[in-house]
Visitor: 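Dumping the structure here so I can ask a few things about it.
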Amino acid sequence: MPTLGVNIDHVATLREARLVTYPDPVTAAALAELAGAACIVVHLREDRRHIKDRDLAILRETVQTALNMEMAATEEMVAIACRIKPDCATLVPEKREELTTEGGLDVRGNCARVEAAVKALIGAGIKVSLFIDPDREQIQASRDVGGDAVEIHTGLYCDARSAEAQEAELAKVQAAAKEAHTLGLEVKAGHGLHYGNVLPIAAIPQIKELSIGHSIVARAVLVGMVQAVRDMIFLIQQPPRAPGQR
Ligand code: PXP
């Protein structure tokens, strides 16, 4: 059963909607941890649209579980990570105009740049995860550049418009998880997961951690962070059901 990494970027999005000091993602992180989160995830974007350098620095001091910093493989971000030393860095593609991360990192097409970032981060004692599409070549490339883990992008599974399309995307995530595990990579997954679609992904045996943000923060606005995190952990840590069992 996977553990839950809670991405608190959108607590900061709400703060930045009014350019004020609340709600504070640092408080949200503490509540998520009290509710059972195994890890706190933040994405320090180049444009600082939600999480700020200040948040990352304070979270490094206050997070009691593990801090996972999502980041582009740029010199600026690698330097920040090497100074702050999150427990894990997740390399993601980043485009200024996107609403959220779109698609996985092209590790294969950017081997040299990604490998340099991985080396620097690992040299600073930071575990490195690569956010990739469920694609064989990207998994192999992630292993080749020296990554410790992959986070399989579940966006296409989540966005599928029909049950058949969703089944097909689920099969790709399942195969990718198996492949990455066989190559000795730790396997995580995330993006677009919510209370209604998470179960089949949580049931994939090789996946050790799910990284979930928007749906948890959205529920937290209505029921509180502790309840929202507990609800998600309850779902993803259900014992597997026998075939045909409802
Ligand atoms: N994993 C990665 C690499 C991401 O970039 C994001 C979005 O920041 C997530 C997981 C969480 O996605 P969501 O907010 O849709 O749950």
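Positions are given from 1, in the same order as the sequence printed here. Note that the coordinates shown come from a computational prediction; the quantities given were computed from them, not determined experimentally.
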Visitor: Indicate the atoms forming the closest heavy-atom contact of V187 with A180, along with that distance.
Guide: CG2-CB, 3.9 Å
Visitor: Quick one: does Q138's side chain have a donor or acceptor within less than 3.5 Å of a partner on R108's backbone?
Guide: yes
Visitor: Do the charged groups of R136 and E179 touch, with an N to O distance under 4.0 Å?
Guide: yes
Visitor: Any side-chain heavy atom of L67 within less than 4.5 Å of one from L56?
Guide: yes
Visitor: CG/N68 to NZ/K127 distance, rounded to the nearest 0.5 angstrom?
Guide: 10.0 Å
Visitor: Check A29 against L59 and note the closest heavy-atom contact, atom names and distance.
Guide: CB-CD2, 3.6 Å
Visitor: State whether the side chain of Y195 and the backbone N or O of L235 hold a donor-acceptor pair below 3.5 Å, judged by distance alone.
Guide: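 The answer is no, because no donor-acceptor pair under 3.5 Å joins these two groups.
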Visitor: Apply side chain to side chain contact (heavy atoms under 4.5 Å, CB included) to the pair V78 and M71, showing each step before the final yes or no.
Guide: CA-CA 8 Å; V78 170; M71 52 179 272; 3.8 Å; yes
Visitor: Determine yes or no for a side-chain-to-main-chain donor-acceptor pair under 3.5 angstrom, with Q237 supplying the side chain and P2 the backbone.
Guide: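 Present.
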Visitor: Please collect all ring pair (Phe, Tyr, Trp, His ring centres under 6.0 Å) contacts where either partner lies in residues 160-183, sequence neighbours excluded, each pair once.
Guide: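 Output for this query is empty, none listed.
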Visitor: Looking at D24 and R54, does any basic side-chain N land under 4.0 Å from a carboxylate oxygen?
Guide: yes
Visitor: Check the surroundings of atom CD in E76: do more than 12 heavy atoms from other residues, nucleotides or ligands lie under 6.0 Å from it?
Guide: yes
Visitor: Take atom NZ of K178 as the centre, draw a 6.0 Å sphere, and report whether it contains more than 12 heavy atoms from other residues, nucleotides or ligands.
Guide: no
Visitor: Is atom NZ of K119 surrounded by more than 12 heavy atoms (other residues, nucleotides or ligands) closer than 6.0 Å?
Guide: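 Not buried by this count: 12 neighbours or fewer within 6.0 Å.
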Visitor: Any idea which heavy atoms bring A117 and A73 closest together, and the distance?
Guide: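 It is CB-CB, 4.0 Å.
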Visitor: Between S129 and E151, do the side chains contain an N or O donor and an N or O acceptor separated by less than 3.5 Å?
Guide: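 S129 vs E151: no donor-acceptor pair found between side chains.
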Visitor: Using a 4.5 Å cut-off on heavy atoms from C-beta on, say whether the side chain of Y157 contacts that of P200.
Guide: yes
Visitor: Find out whether E94 and M77 are in side-chain contact, i.e. whether some heavy atom of one side chain is under 4.5 Å from a heavy atom of the other.
Guide: no
Visitor: Shortest non-hydrogen contact from V226 to L31?
Guide: CG2-O, 3.8 Å
Visitor: Between R48 and E16 (salt bridge meaning N to carboxylate O under 4.0 Å), is one present in this structure?
Guide: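 No, this pair does not count.
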Visitor: Which pair of heavy atoms, one from S142 and one from L130, lies closest together, and at what distance?
Guide: CB-CD1, 3.5 Å
Visitor: Looking at D133, V114, V92, which one forms a side-chain contact (heavy atoms from CB on, under 4.5 Å) with L105?
Guide: V114
Visitor: For I84 versus R60, what's the shortest heavy-atom pair and its separation?
Guide: O-CD, 3.1 Å
Visitor: Determine, for D55 against R15, whether the closest basic-nitrogen to carboxylate-oxygen distance falls under 4.0 angstrom.
Guide: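 Answer for the salt bridge query: yes.
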